[in-house]
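So the structure is just underneath, and the comments pick up after that.
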Amino acid sequence: MAERLAFPEGFVWGTATASFQIEGGRDERGTCIWDDFCDWTGKVFQGHNGDIADDHYHRYREDVALMKELGGAAYRFSISWPRVLPEGHGAVNPNGLDFYNRLVDELLENGITPYVTLYHWDLPSALQRMGGWAARDTASRFADYCEVMARALGDRVKDWITHNEPWVVAFIGNLQGRHAPGWEDLGLALQIGHHLLLSHGLAVPILRQHGDADTRVGITLNFSPAYPASDSAEDVAAARRHDGYTNRWFMDPLYKGSYPADLVEAWGAAMPQVSADDLAQIAVPIDFLGVNYYSRAVVKHQPGGLLDYATTKPEGEYTHMEWEVFPKALEDLLLRLSSDYAPQALYITENGCAYPDTLTAEGKVHDPKRIEYLRQHLAASQRAITLGAPLQGYFAWSLMDNFEWGYGYSRRFGLIYVDYETMKRHPKDSFYAYQSIIAENAVEL
Ligand code: FCB
């Protein structure tokens, strides 16, 4: 008999996107570091770029109508900083601000609650020329930009997310060179990570100040739950290093006001400059933690590389990203975050999978693997709730297929298929599966 896993009343259901990945409308905003990165030969799959993307900038009404059809009560999207402030600071682009005003109004008119991310990686190029996130001053520019947004939308937007995945920004963008701006320097990446955290700490009180009692502010981190490849002491220690690098490096300063000592020691001379009050500023209390979870890491000791370990590839189901499908790690993660950090509330702000979808002649997309991924991760989430995790919502990544960073348009994460020739949207089978889960407030296994 089917097992019915019910979610608490009031559980927030939604979908997520990000500005650069869906908006397009390139001529109507300033340049960002992802535009520059797309122009850098060989960095992005087939030179794809965000000039048109899903053309959401012009089609947002149609997209909001689809959200309404889905039945989700919430939508997480991000603001393009250079659309609002083409130079990153100074003069506001009124059309840019107007776009977000119209989007928020459209959402609210359709009964959809906006969850707004302020930085999902599209730093204005003008600020990059002044040092980008390596410059401490950029943290203050970010706080100023947050003030502009809070003043403009704070009467209607109650849920703010300062940053999306600062780990990815710092390390994939500045150590691995696979994301904008594309550098490969550990010291630089660590300094940037610190400035991202600092900018969060500066922005939180500003967002609150321009809101009301209902205003809630959080941050979204990506997590890579680490499992040792064997129970040898060496592999266990290696998994601990991976955990420190990918999870604790940002969680500890945010929730404990300190960087994890084992990693501080490992980084040695590459440690960033940290001013006296920074960590207190960074650890400012927040209302919720956004959790992005896609996969786990199975780690073995291996001398060399950054921290003397390597990740292995266990047998199992893998998505088009080559990420292992492992829902149990989401349950473990939610419980571990709850016990180690006691966040006031948790939201899964991203979870989802890419598979090579095809559109049938009838305009349908049959994506049973995505449905299974969704169901299993929701089941894991529900179990974590019953075991005490303060999980209050789930946002599927993504509402629709979009620009998947270095992979361009070659990876499809959407519940809605986008035909990039015609820009026509086709809800996939997973869209309807999610629609009934939302309607039931439960998942059946
Ligand atoms: C996350 C990003 C998001 C999306 C997913 C697949 O790291 O936050 O924009 O690309 O991965």
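This structure is a prediction, so every number in the text was calculated from the model and none was measured. As the structure lists them, so they are numbered: ligands from 1, and atoms in each ligand from 1. FYI, side chains are in, hydrogens and waters are out, and symmetry mates aren't considered; it's all heavy atoms of this structure.
- Residue contacts with ligand 1, taken as heavy atom pairs separated by less than 4.0 Å, do not involve Asn222 at all.
- For His48 and Tyr409, the gap between ring centers is short of 6.0 Å.
- For atom 5 (C) of ligand 1, the closest non-hydrogen atom of the protein is Tyr294 OH, 3.2 Å.
- Under a 4.0 Å criterion applied to the non-hydrogen atoms of Phe413, ligand 1 contributes the atoms 6 (C).
- Within ligand 1, counting atoms from 1 as listed, the ones closer than 4.0 Å to a heavy atom of Trp397 are 3 (C), 4 (C), 5 (C), 6 (C), 9 (O).
- Each of the atoms 8 (O) of ligand 1 lies under 4.0 Å from some heavy atom of Asn164.
- In terms of protein heavy-atom proximity, atom 10 (O) of ligand 1 is nearest to Glu404 OE1, 2.6 Å.
- Remark: Arg241 fails to qualify as a cation-pi partner of Tyr309 under the 6.0 Å distance and 45° angle criteria applied to the six-membered ring.
- Distances below 4.0 Å separate heavy atoms of Trp121 from the following atoms of ligand 1: 2 (C), 7 (O), 8 (O).
- Counting heavy atoms closer than 4.0 Å to ligand 1, residue Gln21 contributes side-chain atoms (C-beta onward) but none from N, CA, C or O.
- Listed by number with element, the atoms of ligand 1 under 4.0 angstrom from any heavy atom of Trp405 are 3 (C), 4 (C), 9 (O), 10 (O).
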Identify each donor-acceptor pair in which a side-chain atom of residues 165-172 lies under 3.5 Å from a protein atom, sequence neighbours left out, and give them as a table.
from, atom 1, to, atom 2, distance (Å)
Glu165, OE2, Asn292, ND2, 2.8
Trp167, NE1, Tyr245, O, 3.2

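- In terms of protein heavy-atom proximity, atom 7 (O) of ligand 1 is nearest to Glu165 OE1, 2.5 Å.
- Cation-pi geometry between Arg296 and Tyr227 is met: under 6.0 angstrom from the ring centre, within 45 degrees of the axis.
- When each atom of ligand 1 is checked for a heavy atom of His120 under 4.0 Å away, the hits are 2 (C), 3 (C), 8 (O), 9 (O).
- Electrostatic pairing of Arg370 and Asp357 counts as a salt bridge here, judged by a charged N lying under 4.0 Å from a carboxylate O.
- You'll find the ring centres of Trp267 and Tyr259 outside the 6.0 Å limit.
- Note: Tyr75 and Tyr115 fail the aromatic proximity criterion, with ring centroids not under 6.0 Å apart.
- Not a single heavy atom of Met321 sits under 4.0 Å from any atom of ligand 1.
- Under the ring pair (Phe, Tyr, Trp, His ring centres under 6.0 Å) criterion, Tyr318 pairs with no residue, sequence neighbours left out.
- Atoms CG and CG, on Asp35 and Asn49 in that order, are 7.5 Å from each other to the nearest 0.5 Å.
- Looking at ligand 1, you'll find an N or O of Glu350 within less than 3.5 Å of one of its N or O atoms.
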